[in-house]
**Q** 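After the structure tokens below, expect a handful of questions from me.
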There are 2 protein chains.
Amino acid sequence: MHDHGTYPLKDLNLKTTPKRVAILNLLAQESTYISPEEIWRKLKGQFSRVGLPTVYRNLEELAAGGIISKVIHPNRQLYYYFCPNRDHHHHFICVACRRVEDVDYCGMEDVERQVSERIGGRVLSHIVQVNGLCRSCSAKGGNGESTHVGVMK
Amino acid sequence: MHDHGTYPLKDLNLKTTPKRVAILNLLAQESTYISPEEIWRKLKGQFSRVGLPTVYRNLEELAAGGIISKVIHPNRQLYYYFCPNRDHHHHFICVACRRVEDVDYCGMEDVERQVSERIGGRVLSHIVQVNGLCRSCSAKGGNGESTHVGVMK
DNA sequence: TTTTTAAAAGGAAATGATTTCTGTTTACAT
DNA sequence: ATGTAAACAGAAATCATTTCCTTTTAAAAA
């Protein structure tokens, strides 16, 4: 639970507006991903007037500043989640039921090292998405082939 | 350069139609990513009538079958590329110039093992996207912060 | 080879997430 | 307190992707 005074908004030349802070607080409370639209719905409970563009604008600004992160979902929508109070982790997406699970493990240190060496540039971050069948879907027996998306073999 | 007879379409219950084959050949010739719309434009040079929905439908089917892969770009559009004649690799995206570079290295064996163990499910594939500054952008000195998107710290 | 039928394709129209635009309000530096 | 650049609302535009329905076609069966 953050006190808004601790968000480094000033460093990013972003003003500390009530809506911006509310968005940050919402994200900080979420334990999982949340879409811009869901954020908007929750925001409407706190303010009489809020526009969806405000949500998008803020999310992009905050993501640009690295305060929050943008997670790319293989389906249409993009989900955002909050960073500071969570450990770095990866995402497992079940190709059958589409649910996203967090994997509290990274193991990308070597990969990052190799990549920066080969590219000759600087690695800042990475996105890892592991696709497969979750425990319950793999128990049900299907192979998930028919619902595969975003799979790289 | 593939002979279309070698595409395992039959295994996927997909018919060998002229347009499907043309799409596969286009992708096979591409050395980089290509959007559905770009594929459509090229296809229109070969057929008097082609619909964009046909392109999307085929891409989804082929991706579902694992013949091609879907690459998620941090911006709006989704890009697709062809698999069979290329080795598995990762993508490095420069946060400054947005260019995508292939990294001919995987190193995800341990990560996959760990993930499947922790999830208790079956890992089928993974998507790795490494964000950073490419050689030339990092030489130019910027830190890329202002263009950050989709970055997970 | 002809027949049959399920898949594929065309094309128009719908969808729906994201963005743009314009006028108004507000945070905060001076 | 006041001026100014940033934020905001709300309506409308954009544009990639899907849906729907009808026609065509690949390829299995006869």
**Q** Could you state the CD-C1' distance from B/Glu60 to C/dA8, rounded to the nearest angstrom?
**A** 16 Å
**Q** Less than 4.0 angstrom between a side-chain N/O of B/Thr16 and OP1 or OP2 of D/dA27, yes or no?
**A** yes
**Q** It should be established whether B/Tyr56 places a side-chain nitrogen or oxygen under 4.0 Å from OP1 or OP2 of nucleotide D/dT17.
**A** yes
**Q** C/dA27 P sits how many Å from A/Leu9 CG, rounded?
**A** 14 Å
**Q** Quick check: do A/Val55 and A/Glu37 have side-chain heavy atoms less than 4.5 Å from each other?
**A** no
**Q** To the side chain of A/Lys15, which of D/dA7, D/dA27, D/dA9 is closest?
**A** D/dA7
**Q** I'd like to know if the side chain of B/Glu112 reaches the main chain of B/Glu109, judged simply by a donor and an acceptor atom lying under 3.5 Å from each other, with no hydrogens or angles considered.
**A**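 No; judged by distance alone, with no hydrogens or angles, the pair does not exist.
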**Q** May I ask you to decide if B/Val50's main-chain N or O and B/Trp40's side chain share a donor-acceptor pair within less than 3.5 Å?
**A** yes
**Q** Give a yes/no on whether any side-chain N or O of B/Arg49 is located under 4.0 angstrom from OP1 or OP2 of C/dG11.
**A** yes
**Q** Within less than 4.0 Å of OP1 or OP2 of C/dA8, is there a side-chain N or O belonging to B/Thr17?
**A** no
**Q** At 4.0 Å (heavy atoms only), tell me whether B/Arg20 reaches a base, stays on the sugar-phosphate, or touches nothing.
**A** sugar-phosphate
**Q** Round to the nearest Å and state the distance from B/Leu62 atom CG to C/dA7 atom C1'.
**A**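 Atom-to-atom, B/Leu62 to C/dA7, this comes out as 14 Å.
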**Q** Looking only at side-chain N and O atoms, does A/Arg57 come under 4.0 Å of OP1 or OP2 in D/dA7?
**A**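 Looking at the OP1 and OP2 atoms of D/dA7, neither is under 4.0 Å from any side-chain N or O of A/Arg57.
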**Q** Whole angstroms only, please: what is the CG-P distance between B/Leu52 and D/dA16?
**A** 9 Å
**Q** Quickly work out the B/Ile39 CD1 to C/dA9 C1' distance and round it to whole Å.
**A** 17 Å
**Q** Could you please name the option among C/dG11, C/dA27, C/dT19 that lies closest to any side-chain atom of A/Pro18?
**A** C/dA27
**Q** Taking atom C1' of D/dG10 as reference, at what distance in whole Å does atom NZ of A/Lys19 sit?
**A** 12 Å
**Q** Please report the distance, rounded to the nearest Å, between CD in B/Glu37 and P in D/dT17.
**A**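 My rounded result for the distance is 9 Å.
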**Q** Is any side-chain N or O of B/Lys10 closer than 4.0 Å to OP1 or OP2 of D/dA26?
**A**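 No, because none of the side-chain N or O atoms of B/Lys10 sits under 4.0 Å from OP1 or OP2 of D/dA26.
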**Q** So, is B/Asn58 close to the C/dA9 phosphate, meaning a side-chain N or O under 4.0 Å from OP1 or OP2?
**A**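 Indeed, a polar side-chain atom of B/Asn58 lies that close.
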**Q** From the set D/dT19, C/dA8, D/dA9, return the single nucleotide nearest to any side-chain atom of A/Val50.
**A**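 In terms of side-chain proximity for A/Val50, the closest of D/dT19, C/dA8, D/dA9 is D/dA9.
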**Q** For a 4.5 angstrom cut-off between non-hydrogen side-chain atoms, does A/Val115 reach A/Val111?
**A**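 Yes; the side chains approach each other to less than 4.5 Å.
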**Q** Both B/Leu14 and B/Pro53 contact DNA chain C. Which one's nearest nucleotide lies toward the 5' end?
**A** B/Leu14
**Q** Judged by atom type as modelled, is there a donor-acceptor pair below 3.5 Å linking the side chain of B/Glu38 to the main-chain atoms of B/Ser35?
**A**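 Yes: the side chain of B/Glu38 pairs with the backbone of B/Ser35.
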**Q** Taking 4.0 Å as the cut-off, does a side-chain nitrogen or oxygen of A/Thr54 come that near to OP1 or OP2 on D/dC8?
**A**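 No, because none of the side-chain N or O atoms of A/Thr54 sits under 4.0 Å from OP1 or OP2 of D/dC8.
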**Q** Looking at A/Asn58, is its backbone amide N or carbonyl O close enough to the side chain of A/Arg20 to form a donor-acceptor pair, meaning the two atoms are under 3.5 Å apart?
**A**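 Looks like no, no N/O pair under 3.5 Å.
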**Q** Just the rounded figure in Å: distance from P of C/dG10 to CH2 of B/Trp40.
**A** 11 Å
**Q** Using heavy atoms to find the nearest nucleotide of DNA chain D for A/Glu61 and A/Ser48 separately, return the residue whose nucleotide is more 5′.
**A**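 It is A/Glu61 whose nearest nucleotide is closer to the 5' end.
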